[in-house]
Amino acid sequence: MANEGKFDWLRGFTCDYDLISGLSKTAESTKRYLSQMKGMYADDAAFDKMLAGGEDPLVYEFYEMGAPEHPGDLAFGTSITYPGKVGDEYFMTKGHFHTILDTGEVYYCLSGHGYMLLESPEGDWSLQEMTPGEAVYVPKRYAHRSINIGDTPLVTFFVFRGDAGHDYGTIETKGYRNLVVEKDGKAVAVPNPKWGE
Ligand SMILES: O=P(O)(O)OC[C@H]1O[C@](O)(CO)[C@@H](O)[C@@H]1O
Ligand SMILES: [Fe+2]
């Protein structure tokens with residue numbers, strides 16, 4: 001993991017994150033390129049076309065600071081989702097449940113404009129708008145995905161318990177029940193035609 005052993009989790013430390021770009025001069029980010037998200041966007045043809053055209057844009061990056069996997073420690077860092085679309089669908093993170101499902105998380109939006117898509121295993125879902133200065137509470141048991149609906153990077157600062165873990169299984173196999181697309185110049189949620197496949 002990036003930043004393993006770099007910070008003093010036992011005695012305290014500081015780390016810089018730029019308020020607009022979210023980038024750090026001290027910590028190293030983890031990057032996810034479009035090619036690492038095969039099958040996650042609804043429009044497979046648009047996805048293949050972008051990659052075939054030699055494009056493999058950076059969709060998002062975030063800081064894994066190396067927090068101890070311990071219930072009393074806190075994992076934190078910034079997450080940056082870049083502007084862009086695959087077909088009509090906005091750039092987004094993969095999204096995940098926490099391995100310890102009963103774990104909440106806080107995201108504070110520093111810059112950009114987007115949504116946090118929340119979905120429970122039972123299918124309850126909502127979109128929480130993210131604009132600079134707004135904090136989003138992700139309740140325990142809800143999968144969460146950041147979606148950038150603007151034309152600048154969507155930058156958030158997140159905090160959650162250190163041992164919560166990430167569970168990608170359900171999202172990678174079933175997907176989310178809804179996706180966010182641009183329709184008549186507006187961001188709207190529509191049912192995911194590939195859900196459950
Ligand atoms: O796990 P994903 O969906 O790839 O996205 C990563 C994001 O989730 C986090 O793990 C926080 O839950 C951050 O590291 C980052 O914001
Ligand atoms: Fe999370």
Side-chain angles (χ1 to χ4, degrees), residues 1-4 6-7 9 15 17-19 21-24 26-41 57-71 73-84 86 89-112 114-121 125-128 130 134-148 153-180 192:
M1 191 196 275
N3 306 308
E4 200 74 67
K6 194 182 270 183
F7 299 109
W9 291 89
C15 183
Y17 301 100
D18 186 90
L19 280 167
S21 70
L23 297 172
S24 175
T26 311
E28 194 188 318
S29 70
T30 301
K31 298 180 172 63
R32 299 238 203 272
Y33 292 89
L34 188 65
S35 56
Q36 294 168 283
M37 298 184 76
K38 194 168 173 56
M40 299 205 133
Y41 290 91
L58 178 60
V59 178
Y60 63 105
E61 60 185 306
F62 56 95
Y63 291 92
E64 293 178 289
M65 300 290 289
E69 289 178 17
H70 175 273
D73 278 295
L74 296 169
F76 70 91
T78 50
S79 173
I80 305 147
T81 307
Y82 290 99
V86 176
E89 191 176 3
Y90 295 100
F91 274 13
M92 62 197 184
T93 61
K94 285 187 180 184
H96 56 265
F97 287 97
H98 290 135
T99 311
I100 299 178
L101 191 60
D102 267 351
T103 305
E105 182 165 350
V106 172
Y107 284 78
Y108 182 66
C109 182
L110 302 178
S111 69
Y115 285 118
M116 184 66 76
L117 174 60
L118 302 178
E119 188 177 298
S120 73
W125 69 280
S126 71
L127 284 175
Q128 304 296 334
M130 294 196 282
E134 289 287 318
V136 175
Y137 185 62
V138 175
K140 59 182 182 286
R141 303 188 76 257
Y142 279 71
H144 38 289
R145 158 180 283 172
S146 303
I147 302 171
N148 186 344
L154 172 65
V155 181
T156 54
F157 181 85
F158 62 86
V159 188
F160 63 102
R161 72 184 252 186
D163 62 343
H166 293 75
D167 168 12
Y168 293 102
T170 316
I171 300 301
E172 277 174 0
T173 51
K174 291 177 100 171
Y176 281 80
R177 287 168 171 84
N178 293 277
L179 35 112
V180 178
N192 178 3

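Read the numbers this way: they start at 1 and go in the same order the structure lists the ligands and their atoms. This chain uses plain numbering: 1 for the first residue, then up along the sequence.
- For Glu105, the N/O/S atom at the shortest distance from the Fe ion (ligand 2) is named OE1.
- Taken to the nearest 0.5 Å, the NZ atom of Lys140 stands 14.5 Å off from the CZ atom of Phe97.
- The CG atom of Asn3 sits 8.5 Å away from the OG atom of Ser29 when rounded to the nearest 0.5 Å.
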**OP:** Dump the intermediate steps for side chain to side chain contact (heavy atoms under 4.5 Å, CB included) on Ile100 and Arg161, then the final yes or no.
**Re:** CA-CA 10 Å; Ile100 299 178; Arg161 72 184 252 186; 3.8 Å; yes

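- With rounding to the nearest 0.5 angstrom, the NE2 atom of His144 is 9.5 Å from the CD1 atom of Ile171.
- Looking at Glu64 against ligand 1, nothing comes within 4.0 Å, counting heavy atoms.
- Near Phe160, meaning under 4.0 Å from one of its heavy atoms, ligand 1 places the atoms 11 (C), 12 (O).
- Taking only nitrogen or oxygen atoms, main chain and side chain alike, Phe158 does not reach within less than 3.5 Å of ligand 1.
- Of all protein heavy atoms, the one lying nearest to atom 11 (C) of ligand 1 is Glu105 OE2, 2.9 Å.
- With ligand atoms numbered from 1 in the order given, ligand 1 contributes 15 (C), 16 (O) to contacts under 4.0 Å with heavy atoms of Ser79.
- Checked against the 6.0 Å centroid criterion, the rings of Phe158 and Phe62 do not qualify as a close aromatic pair.
- Counting non-hydrogen atoms of neighbouring residues, nucleotides and ligands closer than 6.0 angstrom, the CD atom of Glu69 reaches no more than 12 such neighbours.
- The Fe ion (ligand 2) lies under 2.8 Å from an N, O or S atom belonging to His96.
- Within ligand 1, the atoms closer than 4.0 Å to a non-hydrogen atom of Tyr107 are 8 (O), 9 (C), 11 (C), 12 (O), 16 (O), numbered from 1 in the order shown.
- Summary of contacts: the protein heavy atom closest to atom 1 (O) of ligand 1 is Tyr168 OH, 2.4 Å.
- Across the listed options Met92, Met65, Met37, His96, His96 owns the non-hydrogen atom lying nearest to atom 8 (O) of ligand 1.
- Between His166 and His96, the ring-plane angle classifies as perpendicular under the 30° and 60° cut-offs.
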Original post:
Tyr115 and Tyr90: ring pair (Phe, Tyr, Trp, His ring centres under 6.0 Å), yes or no, with the steps?
Top reply: CA-CA 10 Å; Tyr115 285 118; Tyr90 295 100; 8.6 Å; no

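- For atom 14 (O) of ligand 1, the nearest protein heavy atom (residue, atom name, distance) is Phe62 CD1, 2.9 Å.
- Looking from atom 3 (O) of ligand 1 to the surrounding protein, the closest heavy atom is Gly95 N, 2.6 Å.
- The shortest contact between atom 4 (O) of ligand 1 and any protein heavy atom is with Tyr60 OH, 2.6 Å.
- Protein heavy atom closest to atom 10 (O) of ligand 1, with residue, atom name and distance, is His166 NE2, 2.5 Å.
- The angle subtended at the Fe ion (ligand 2) by NE2 of His144 and NE2 of His98 is 100°, given to the nearest 10°.
- For the atom pair OH (Tyr82) and CG (Leu154), the distance works out to 11.0 Å, reported to the nearest 0.5 Å.
- Between Tyr142 atom OH and Leu101 atom CG the span is 10.5 Å, to the nearest 0.5 Å.
- At a heavy-atom distance under 4.0 Å, no atom of Arg145 approaches ligand 1.
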